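Take a look at the structure below.
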Protein chains: 2
Amino acid sequence: MEKTIIDLETAAQTLKLLGDKTRLTIIGLISEGECCVCEFVEVLQMSQPSVSQHLRKLRDAGLVKEKRKGQWIYYSLNKDHATYPIVQQIIEQIPDQIEKLHALEQAGLRIQCDS
Amino acid sequence: MEKTIIDLETAAQTLKLLGDKTRLTIIGLISEGECCVCEFVEVLQMSQPSVSQHLRKLRDAGLVKEKRKGQWIYYSLNKDHATYPIVQQIIEQIPDQIEKLHALEQAGLRIQCDS
DNA sequence: TCACTATATAAGCATATGCTTATATATGCA
DNA sequence: TGCATATATAAGCATATGCTTATATAGTGA
């Protein structure tokens, strides 16, 4: 029950970022844990540069954070960010995206990056 | 405590619409009741066509509904729409926009359209 | 050091967006 | 009917957005 009030301009910018199917899916995918870029590429069925560009927007806005693990870079939600309450509420109202990762896993396609 | 799950594509489209400062303010303004177009024009300090175009997008998406009263057209939240739970959560997390209407009223500027 | 993998960035381009100005439509009233 | 007001729509234009292809950067392991 978050009652944080977020500056209208900041809120609009956040919603704009989430108002894109690709980015909203990304947020859904990391809602319960980090993912590396190659996983996004697989799940989203998009080119790697395109995915990277979306991730950059999310990172620049502070919505996600990255962590390098060797050759892979993992992205996760930035729960410390001012707009996290908004993000959290939205996640609760969209379908579970994590299933898509499971599906990938079962198809044996997940984790070229053996996390 | 809305637990409605909204289709990802629909959610993204809704968030995109709300991801604009003007439209988010409009939604905030009508969060507790209807407003007519001339009020939006005053509060937002924007041209009438520009306001109309934003209202049209919100209406086309079903987020708001309109009601004509004589020469004026009043807009209000469409609480029956599937995405209303999302809208509602967002309204709770942005600053009160209604004050802006009060300010206008006190400045004697409100209601050329004597509602 | 060299090749290979993972990721980021840059440049180019087509489409989307949001404003402006001009005009159309609808209502109210003399 | 005719004019004023409120609102919508259309056309034009500048900027933003999201993709593509090409290339740069960084880590890994031989």
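From a predicted model like this one, the values you see are computed outputs, not experimental measurements. Every chain is numbered from 1, with letters handed out A, B, ... down the list of sequences. Below, all heavy atoms of this structure are taken into account, side chains as well, without hydrogens, waters or symmetry copies.
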Kindly determine whether A/Glu66 and A/Leu55 satisfy side-chain contact (heavy atoms from CB on, under 4.5 Å), including the steps that lead there. CA-CA 9 Å; A/Glu66 60 176 24; A/Leu55 288 168; over 6 Å; no
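Remark: B/Tyr75 is in phosphate contact with D/dA8, judged by side-chain N or O atoms under 4.0 Å from OP1 or OP2. Close to C/dT9, at under 4.0 Å from its OP1 or OP2, lies a side-chain N or O of A/Arg59. Regarding contacts with the backbone of C/dT9, a side-chain N or O of A/Arg56 is found under 4.0 angstrom from either OP1 or OP2.
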In the 5'-to-3' direction, what one-character label does each nucleotide of nucleotides 17-30 of chain D receive under the scheme B = base within less than 4.0 Å of a protein heavy atom, S = sugar-phosphate only, - = no such atom? SSBBBB----BS--
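When the C1' atom of D/dA8 is taken as reference, atom OH of B/Tyr74 falls 17 Å away, rounded to whole Å. The distance between atom CH2 of B/Trp72 and atom C1' of D/dT5, rounded to the nearest whole Å, is 9 Å. For the pair B/Phe40 CZ and D/dA6 P, the interatomic distance rounds to 15 Å; values are reported in whole Å. The CD-C1' distance, from A/Gln13 to D/dA16, rounds to 14 Å in whole Å. One atom, CD of B/Glu66, and another, C1' of D/dT7, lie 10 Å apart when rounded to the nearest Å.
Shown here are the salt bridge (charged side-chain N to carboxylate O under 4.0 Å, His left out) partners of A/Glu9, two or more places apart in sequence or in another chain: B/Lys21.
The main-chain N or O of B/Pro95 is found under 3.5 Å from a side-chain atom of B/Gln97 such that the two form a donor-acceptor pair. A donor-acceptor contact shorter than 3.5 Å is absent between the side chain of B/His81 and the backbone of B/Lys65.
The side chain of B/Ile73 lies closest to D/dT7 when the candidates are D/dT9, D/dT7, C/dT7.
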Run the side-chain donor-acceptor check on residues 45-53 of chain B: report pairs under 3.5 Å with partners two or more places apart or on a different chain.
unit_1: B/Ser47; atom_1: OG; unit_2: B/Ser50; atom_2: N; d: 3.2
unit_1: B/Gln48; atom_1: NE2; unit_2: B/Ser52; atom_2: OG; d: 3.3

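Among the candidates A/Leu18, A/Leu77, A/Ile86, the single residue satisfying the side-chain contact (heavy atoms from CB on, under 4.5 Å) test with A/Leu63 is A/Leu18.
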